[in-house]
Amino acid sequence: MRAQVSQISAVTAAAAHVLCLAGLAAAHALAGHGALVSNPPLSLRLLVVCEAPVVIAVFSYLRRDRKSCSFIKAAARGLIGLPVGALLNAFGAIVLGAPVGIKYWTVTIYWSLLMSLFTFVPAACVFGASKIDWQNVLSHSIYFSPTDADNYMISAPCHGAVLGAWLGAWPMPLDWERPWQEWPICVTYGAVAGYLVGMTLSLVLIAVHKRRVRAKSD
């Protein structure tokens with residue numbers, strides 16, 4: 001069953017993305033310049049710790065069907081979705097060739113949690129267990145047909161993070177012998193870059209959608 005839609009303005013969407021970006025910026029400031037290369041576990045841990053409460057709070061506030069779902073319930077869905085999404089992201093990364101040695105366990109766990117915040121947690125907070133909404137948000141068709149603003153907010157950053165992580169993995173097998181080629185440093189750079197591009201794209205799509213709606217109403 002599809003959750004009831006609550007209208008989200010472009011300003012609200014922009015504010016939500018700015019808050020999520022602030023979480024990433026805070027983690028970067030605490031870790032220090034170049035920390036992802038020099039100390040990946042610390043940098044990834046700070047990213048998860050700073051970003052998790054922001055993402056869960058923001059998207060719990062933007063939850064659908066507010067009459068039957070409180071903020072606390074939406075936040076609980078996000079907390080449950082965090083490890084579930086991390087397991088799915090870790091499984092996907094390992095299937096695609098991520099190293100599985102003991103020395104990589106810590107960074108793989110932190111990276112998977114961060115990817116879950118980019119991909120799984122927002123949808124868990126907003127949609128809950130609505131199968132139709134999950135299908136819509138995971139589909140590429142949202143870019144070619146009008147949809148709800150929150151679909152754009154969740155889908156574009158999610159797809160951007162996944163695509164960015166995949167592109168970021170390309171330098172790993174090359175014999176350049178650079179420290180940033182280690183797992184999951186370049187993959188994390190790619191995921192964050194893709195996430196930011198997805199945020200920007202979602203705002204553009206929302207603005208275009210709102211303009212189309214106004215044009216039709218006129």
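What you see is a predicted model, and the numbers here were worked out from it, not measured in a lab.
Shown here for Ile154 and Val137, the closest heavy-atom pair between the two residues is CG2-CG2, 3.5 Å. Nearest heavy atoms, Cys186 versus Met172: SG-CG, 3.2 Å.
With values rounded to the nearest 0.5 angstrom, Leu113 atom CG is found 10.0 Å from Leu44 atom CG. Atom OG1 of Thr12 and atom OH of Tyr61 lie 6.5 Å apart (nearest 0.5 Å). Taking OG1 from Thr106 and CH2 from Trp111, the interatomic distance works out to 15.5 Å, rounded to the nearest 0.5 Å. Going from atom CZ of Phe127 over to atom CZ of Arg63 covers 14.0 Å, rounded to the nearest 0.5 Å. Atom CG of Leu163 sits about 11.0 Å away from atom SG of Cys158, to the nearest 0.5 Å. Atom OH of residue Tyr110 and atom CG of residue Leu47 lie 11.5 Å apart, to the nearest 0.5 angstrom.
The closest side-chain heavy-atom distance from Leu24 to Leu196 is below 4.5 Å. Using a 4.5 Å heavy-atom cutoff, the side chains of Arg77 and Cys125 are not in contact. By the 4.5 Å heavy-atom criterion applied to side chains, Val121 and Val55 are counted as neighbours.
In this structure, Ser70 contributes its side chain and Arg66 its backbone to no donor-acceptor pair below 3.5 Å. For Glu182 (side chain) and Pro179 (main-chain N/O), no donor-acceptor pair under 3.5 Å exists by modelled atom type.
Atom CZ of Phe91 has 12 or fewer neighbouring heavy atoms from other residues, nucleotides or ligands inside a 6.0 Å radius.
Residue pairs meeting the side-chain hydrogen bond (donor to acceptor under 3.5 Å, both in side chains) criterion with at least one partner in residues 16-42, sequence neighbours excluded, are His17-Ser202.
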ask   = What's the verdict on side chain to side chain contact (heavy atoms under 4.5 Å, CB included) for Phe59 and Asp150, showing C-alpha distance, side-chain angles and the deciding distance?
value = CA-CA 9 Å; Phe59 286 95; Asp150 50 7; over 6 Å; no
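Considering only residues two or more places apart in sequence or on other chains, Trp105 meets the ring pair (Phe, Tyr, Trp, His ring centres under 6.0 Å) condition with none of them.
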